[in-house]
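I have placed the structure first, in the form of structure tokens, so that the comments after it can refer back to it.
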Amino acid sequence: MANNRMSTRSVSPSQASEVQPFRARMLTTRREAIRQRAIARQARTDSWSTALATTLLVATILFQLIGATPYVHERTLDTNTGGGVLSPTYRYIWFGLTGLAVPLLWMRRGEIFGVLPRIWPYLLLCLWFAASTTWALDPPTSQRRWILLMCQTSICVACCLGLRRPDAVFRALATSAAAMVLIDLASWIALPSLSQTEIGLAAIHNHKNNLGIAMTFAMLVSAPYFFTRKSWLGRLFWLFILGSGLALLIASRSKTSLNLVLISLVAASILVGVMALPRRLLASAVAVSICFVCGSVFFWLCFTIVPGDNPLAPLRDVTFTQRTDVWQFVLSEIAKRPLLGAGYGSFWDINPAIQPSLQSGLWFSQADSPTNEAHNGYLDLLVSVGAIGFGLAIMVLLLWATRGLLLLRRALTARDADLRAQIPYLTFLALFPIMIGLHNFLESTFFTTAGVFSFVVIFLGLDIDTRLARLHSMSTASGAAY
């Protein structure tokens, strides 16, 4: 009977052959279920990170544009020292925004180490800024401003990792631009007395030049974003935003910002046309442009030096609204500390007892004419972080500009519809660092903690590096699979 029971439990070879495929199918089904759950979990993570990154980027840009003291059109001075009164609210808001970036960094922690090799030049520049705080004229102020720069950098990295698709980044930038235009337009209409100043319209901003900067940013974003809209209603809305931004820009009487917008619109058309040329024609166009510039300079030097004239004579009476006085003073200060500088963020708006400009006795050192920048970003870099920091900063900016142009050319020469759909955003991405490089000949927005252009340049530069890092990882993965 025992043998009979054993025989009933035995499995025939045919039955065993049927059981093994069944187990394999069950294992495959289980693996597919696990894979589908992982895909769904990743989709939820992407959705949450995109929403949080969009909110964080829009809130940060609006805070940068409006500031912590809206409608305060006059700089508050300390009557005892003659220096500006610093509000701790500004720092607290930055700490709060940085806190919002922490969950994003945690959700994308796996990508951070893949991005680091691409952003090492910027990290090296930040390390130099940190080192310069040790020999700064005002170390506490320099250290606080460096910490704020690190807060901004953390926000930029978090937003770059959270907004994976170019259209998501462009949508967030366009949302902040449209919101700023609508806020300023409503302020101008509803509160005209509060919005207007003696030298131009300031709206909700502290100064009419700040409104000019805000509208410059809004128009540089809105113009290419207009071409991404498919419906007539969408295009009509963005045409309204562009028209309103232009009206506000004209009312601000900010000539520098207005000229920058006009130059940018022309330069964008030229840039897209040139970068779409075949490789040989592109190289020829670059060579001809360089030869034209060098030839023009050589011709002018010959035309003026041979008769014994001064080549700079036409610029002798040009002051750029008295900027040359500030430039001459800053150049004299650069000569005192040519290599190391005065320390990051440690030349303007520091302790009034040691701030060099307040000891100069020049017109811009008076309480009624406060100047908190050199109105030239290149000079401000030299005077604050020295020739070494200046060289690192220019290297970083040139890398961002070059890589942005490479991304634009890749999209312009591609046949893939998804890549070509990115052309409007990549045009803005490539053009903005170049335009800010020109803007900084008359203003100072390089790697500061107070200007929206500085924050946006850092964000776009890191976005360029992040996209290149993803392209590199994708090409490596496809090569390995092949």
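For clarity, every value in this text was computed on a predicted model and none was experimentally measured.
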Of T55, T54, L57, the residue whose pairing with C159 passes side chain to side chain contact (heavy atoms under 4.5 Å, CB included): L57

On a heavy-atom basis, which atom in G114 and which in P117 lie closest, and how many Å separate them? O-CD, 3.5 Å

Quick one: does any side-chain atom of S187 pair with a main-chain N or O of D184 as donor and acceptor, under 3.5 Å? no

Rounded to the nearest 0.5 Å, what's the gap from CE on M215 to CG on L185? Could you check? 9.0 Å

State whether the side chain of N376 and the backbone N or O of F441 hold a donor-acceptor pair below 3.5 Å, judged by distance alone. yes

Please say whether more than 12 non-hydrogen atoms of neighbouring residues, nucleotides or ligands are located less than 6.0 Å from OH in Y92. no

What do the steps show when you test H207 against I199 for side-chain contact (heavy atoms from CB on, under 4.5 Å), and what is the final call? CA-CA 9 Å; H207 195 273; I199 56 177; 3.6 Å; yes

Any heavy-atom pair between the side chains of L249 and V261 that's under 4.5 Å? yes

Return the OG to CZ distance between S257 and F217, rounded to the nearest 0.5 Å. 13.5 Å

Give a yes or no answer on whether the side chain of R145 reaches the backbone of G345 with a donor-acceptor pair at less than 3.5 Å. yes

Within the structure provided, determine whether Q322 and W363 are in side-chain contact (heavy-atom separation under 4.5 Å). yes

Which label fits W238 and Y225: parallel for a plane angle under 30°, tilted from 30 to 60°, or perpendicular past 60°? perpendicular

Determine whether T141 and N351 satisfy the following criterion, side-chain contact (heavy atoms from CB on, under 4.5 Å), listing intermediate values before the conclusion. CA-CA 8 Å; T141 301; N351 184 349; 5.9 Å; no

Given F446, which of Y344, Y378, F453 fulfils the ring-ring contact (aromatic ring centres under 6.0 Å, His included) condition? Y378

Do M180 and H205 have side-chain heavy atoms sitting under 4.5 Å apart? yes

Does the side chain of M107 reach to within under 4.5 Å of the side chain of L52, using non-hydrogen atoms? yes

Indicate the atoms forming the closest heavy-atom contact of R164 with R108, along with that distance. CD-NH2, 3.3 Å

Within this structure, what is the CZ-OG1 distance for the pair R253 and T197, rounded to the nearest 0.5 Å? 7.5 Å

What I'd like to find out is whether the side chain of L246 reaches to under 4.5 Å of the side chain of L242, using heavy atoms alone. no

Check the angle between the aromatic planes of F170 and Y425 and answer parallel, tilted or perpendicular using the 30° and 60° thresholds. tilted

For the atom pair CG (L182) and CZ (F240), what is the distance rounded to the nearest 0.5 Å? 6.5 Å

For T448 and Q152, work out which heavy atoms get closest and say how close. O-OE1, 3.8 Å

Check A202 against L211 and note the closest heavy-atom contact, atom names and distance. O-CB, 3.9 Å

Please state whether the rings of F447 and W400 are parallel, tilted or perpendicular, taking 30° and 60° as the class boundaries. tilted

Aromatic plane relationship, W94 with F455 - under 30° parallel, 30 to 60° tilted, over 60° perpendicular: tilted

So, D465 side chain and I119 main chain: donor-acceptor pair closer than 3.5 Å or not? no

Side chain S142, main chain D138, donor-acceptor under 3.5 Å: no

Find out whether T256 and L260 are in side-chain contact, i.e. whether some heavy atom of one side chain is under 4.5 Å from a heavy atom of the other. no

Atom CD1 in I334, atom CG in L382: separation rounded to 0.5 Å? 4.5 Å

Measure the acute angle between the ring planes of Y90 and F63, then classify it against the limits of 30° and 60° as parallel, tilted or perpendicular. tilted

Assess whether atom CZ of R235 is packed by more than 12 heavy atoms of other residues, nucleotides or ligands within 6.0 Å. yes

Exercise: identify the closest heavy-atom pair between S49 and L104: O-CD2, 3.4 Å

When rounded to the nearest 0.5 Å, the distance separating OG1 of T427 from CG of L408 is 4.5 Å

Minimal heavy-atom distance between A68 and I93, with the atoms involved, is CB-CD1, 4.5 Å

Intermediate values then yes/no, side-chain contact (heavy atoms from CB on, under 4.5 Å), D167 and T228: CA-CA 9 Å; D167 57 341; T228 66; over 6 Å; no

Look only at the side chain of E333 and the backbone of V383, and say whether a donor-acceptor pair between them is shorter than 3.5 Å. no

Between W135 and W128, does the ring centroid distance fall short of 6.0 Å? yes

Result for side chain to side chain contact (heavy atoms under 4.5 Å, CB included) between R409 and one of L407, L412, T413 points to T413

Quick one, T445 with N440, criterion side chain to side chain donor-acceptor pair (under 3.5 Å). Give me CA distance, side-chain angles, the key distance, then yes/no. CA-CA 6 Å; T445 56; N440 271 269; 2.8 Å; yes

Electrostatic pair E443-R323, nearest N-O below 4.0 angstrom: yes

Would you find a donor on one side and an acceptor on the other, under 3.5 Å apart, between the side chain of N206 and the backbone of T69? yes

I213 and V452, any side-chain heavy atoms less than 4.5 Å apart: yes

If the plane angle is over 60° it's perpendicular, under 30° parallel, otherwise tilted; pick one for F347 and F329. tilted

With L56 as reference, evaluate L163, I155, I61 under the side chain to side chain contact (heavy atoms under 4.5 Å, CB included) test and give the passing residue. I155

Kindly indicate whether the side chain of L362, heavy atoms from C-beta on, has any atom under 4.5 Å from the side chain of Q328. no

Look at the side chain of Q359 and the backbone N and O of P352, then say whether any donor-acceptor pair between them is shorter than 3.5 Å. yes

Please confirm whether the backbone N or O of I241 pairs with a side-chain atom of S244, one donor and one acceptor, at under 3.5 Å? no

Take L173 and L460, measure what side-chain contact (heavy atoms from CB on, under 4.5 Å) needs, and give me the verdict at the end. CA-CA 11 Å; L173 292 171; L460 294 179; 4.2 Å; yes

Treating N372 as the side-chain partner and W348 as the backbone partner, does any N or O pair qualify as donor plus acceptor under 3.5 Å? no

